[in-house]
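Please read these numbers as outputs of a predicted model, since none were measured by experiment. Counting convention: from 1, in listed order, for ligands and their atoms alike.
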Amino acid sequence: MVHPTTAVAPGRDSLAGAIQPTARRWPAVQGIAYGGDYNPEQWPEATWAHDVALMAGAGVSMVTVGVFSWALLEPSPGTYEFGWLDRVMDLLAAHDIAVDLATATASPPPWFSRRQPESLPITRDGQRLWPGARQAFCPSSAAYRTASTALASSLATRYANHPALVMWHVNNEYGCHTCECFCDVSAAAFRRWLLDRYGDLGRLNEAWGTAFWSQHYYEWEEILPPRLAPAHGNPTQNLDWRRFSSDELLECFKSERDAVRKITPELPITTNFMGAFKPVDYFAWAREEDVVSNDHYLLGADRAGEVQLAMSADLVRSVGDGGPWILMEHSASAVNWQQRNLAKAPGQLRRNSLSHVARGADAVCFFQWRASRSGSEKFHSGMVPHAGTDTKVWREVAELGANLRALAEVAGSRVVCDTAIVWDWAAWWAVELDSHPSADVTYLALMRATYDALWELGVTVDFVRPDADLSAYRLVLVPSLYLVSDEAAANLTNYVEAGGHLVCNFFSGIVDVNDAVRLGGYPGAFRQLLGVRVEEFFPLPEGATVTLSDGSTGQVWTELLHPEGADVVATYADGPLPGAPAVTRHHYGQGVAHYVTTFRDVATNRRFLRAVCDEAGVDGPIIAAAGVEVVRRRAGAASYLFVINHTEQEAEVPASGHELLTGARIDRDLVVAAGGVAVVREDVHAIAATLGRG
Ligand code: GAL
């Protein structure tokens with residue numbers, strides 16, 4: 001039964017400063033919010049008072065509560081145990097700590113799975129996934145939707161007027177473990193989705209190219225999810241399955257969102273994204289949220305971790321239309337789920353956190369507050385480590401809290417870029433389908449090659465959909481766009497025609513939205529824009545390289561290209577196509593379109609992009625040493641310069657203004673210690689002087 005809260009809690013008015021009631025959108029907390037996932041149910045109640053005292057001391061202003069509490073909140077169907085959560089909420093309110101309350105639906109309890117076995121997900125090869133971990137639910141399960149929405153409603157009813165509650169955290173990392181289900185219920189949902197997309201079977205047969213391999217459908221019931229089959233499955237079926245699976249999870253989010261919104265219409269609602277996460281189209285999802293939030297974890301195997309972090313942050317800011325966003329999770333030190341879980345070096349926690357802030361985050365949160373004692377994440381770091389507060393991690397957590405308070409005025413400012421990278425989930429899904437010319441053409445590798453070079457050049461980028469308004473950008477990069485709609489192709493073409501600069505990589509513009517090849521020569525959709533015609537692909541053997549006429553090398557791909565208006569900038573010196581054009585440049589309308597037909601070596605790619613940035617008149621970078629990250633946020637006339645020194649040497653950057661972390665006055669030369677961070681509120685006249693590349 002749901003009771004109104006009996007908690008004796010202070011009214012919102014008494015929550016001096018931290019909690020701002022009502023605005024539907026973020027910010028819910030003043031300044032830069034600070035905190036993490038708080039799972040008090042894993043600890044004896046006696047620990048809680050100590051927790052909140054520590055939180056208050058470290059400047060924690062917002063915690064996410066209840067993410068995995070379903071089993072404790074609802075011990076049996078429709079029976080709720082809110083008592084413990086009431087006490088947690090009251091305690092937090094009393095210490096002026098705001099709550100981003102989870103709907104607690106990410107992990108159905110064992111009783112639910114036992115009663116509703118059909119809600120357990122089925123893999124492509126027909127295996128059922130059992131309870132015992134988390135996220136064991138089929139996204140199309142009606143029983144799951146009903147039960148999760150009921151719990152979300154009950155929580156909203158219970159805490160609607162609670163003074164600690166400032167926002168909703170729906171579910172958790174949708175799709176992280178279970179992003180698709182191949183059961184019969186999902187099959188029926190897929191058919192409904194297809195009916196909606198195509199209207200009739202004739203159109204579906206046409207779009208899927210079912211004349212091939214005797215796949216023509218006569219009845220809707222014949223259509224299945226792309227279950228394990230004897231050979232390569234129908235590519236368009238697989239592509240539509242990806243679209244459907246992203247949409248189906250979004251429906252789960254929307255049903256919980258609508259349930260809580262009905263009861264607390266004034267509170268912002270989010271669900272945490274995972275950056276460059278393939279299964280879910282975050283551009284589509286972000287439109288359904290009040291504010292976007294992101295989880296980011298460094299991968300030990302990625303030696304350029306700070307670059308991977310920056311890309312995740314830029315991507316999430318971009319899917320949220322450039323508005324402030326929430327860093328909902330990152331780690332204070334090591335995680336537990338990689339083969340070797342690297343602890344963070346001293347100072348790395350601060351650099352990582354402030355890189356996110358530099359790129360637009362207005363909240364810095366960790367998974368999790370207190371490192372667990374039991375369970376599979378017990379060796380995952382927390383803000384409070386197993387070893388307690390006399391530790392590197394805790395001291396850095398407390399220092400970061402003070403830093404974020406010093407940066408309060410940065411909240412609400414925006415990152416403004418004049419360079420964009422085109423990103424599209426459908427193109428990602430499609431380019432990585434099987435039976436392609438080369439399995440070495442992978443989306444993230446191409447994205448990272450472009451992103452990493454720009455990061456090193458100090459050029460901050462937005463990510464944009466291919467059909468976005470591009471008029472604000474001087475330079476648009478297209479690292480990989482195998483699939484493109486007619487409208488998006490026209491958008492990119494018009495952008496260049498009107499004076500834009502564009503760089504396009506090989507194997508882009510190849511198919512339409514149904515994965516049907518654009519005929520008449522590659523790269524079909526961009527032939528006119530790029531002024532080329534490609535007659536045949538010549539992908540390279542694994543690990544092989546080719547030499548170009550400029551001495552650079554290429555990997556993965558070559559192709560037989562004929563210029564049709566484009567100038568040849570470099571040719572192949574060896575490999576399967578000696579003498580054939582490798583890099584071209586086309587004046588089109590008022591703009592310029594470059595085309596690169598191979599995966600070039602890092603140094604050449606960086607040099608090339610540097611020249612393209614110069615030609616396009618891109619702002620920045622501020623001259624800084626390699627490994628020194630420089631990013632600006634702006635708000636009206638105010639400009640904040642973030643300098644994050646990832647190197648082991650002191651760095652100098654030209655800047656004038658007020659350094660917010662130390663309070664120092666900076667005149668012309670900002671010195672940032674090895675591994676240190678500085679944030680300067682710039683003198684307005686100084687900004688123009690530091691713009692422009694050196
Ligand atoms: C996230 C998840 C958290 C926690 C964390 C560990 O994927 O949302 O609940 O598991 O990873 O790194």
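The single protein non-hydrogen atom nearest to atom 10 (O) of ligand 1 is Glu377 OE2, 2.3 Å, given as residue, atom name and distance. Counting protein heavy atoms only, atom 7 (O) of ligand 1 is closest to Glu173 OE1, 2.3 Å. For atom 3 (C) of ligand 1, the nearest protein heavy atom (residue, atom name, distance) is Glu329 OE1, 3.3 Å.
Taking every non-hydrogen atom of Asn172 and a distance limit under 4.0 Å, the qualifying atoms of ligand 1 come out as 2 (C), 8 (O), 9 (O). Atom numbering of ligand 1 starts at 1 in the shown order; those under 4.0 Å from a heavy atom of Phe68 are 9 (O). Ligand 1 places these atoms under 4.0 Å from at least one heavy atom of His380: 6 (C), 12 (O).
Looking at residues two or more places apart in sequence or on another chain, you find a salt bridge (charged side-chain N to carboxylate O under 4.0 Å, His left out) between Glu248 and Arg145.
For the ligand labelled ligand 1, residue Arg134 lies inside the 4.0 Å heavy-atom shell.
In terms of polar-atom proximity, defined here as any N/O pair under 3.5 Å, Asn336 makes no such contact with ligand 1.
Results of the salt bridge (Lys or Arg N to Asp or Glu O under 4.0 Å) test with Arg87 over Glu81, Glu45, Glu41 single out Glu45 as the only residue that passes.
Remark: Arg158 engages Asp86 in a salt bridge, criterion side-chain N to carboxylate O under 4.0 Å. The existence of a salt bridge linking Asp125 and Arg227 is excluded, since no basic side-chain nitrogen approaches an acidic carboxylate oxygen closer than 4.0 Å.
Of the N and O atoms on the side chains of Gln368 and His380, not one donor lies less than 3.5 Å from an acceptor on the other residue.
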What do the steps show when you test Tyr282 against Trp423 for ring-ring contact (aromatic ring centres under 6.0 Å, His included), and what is the final call?
CA-CA 11 Å; Tyr282 287 145; Trp423 183 286; 9.7 Å; no

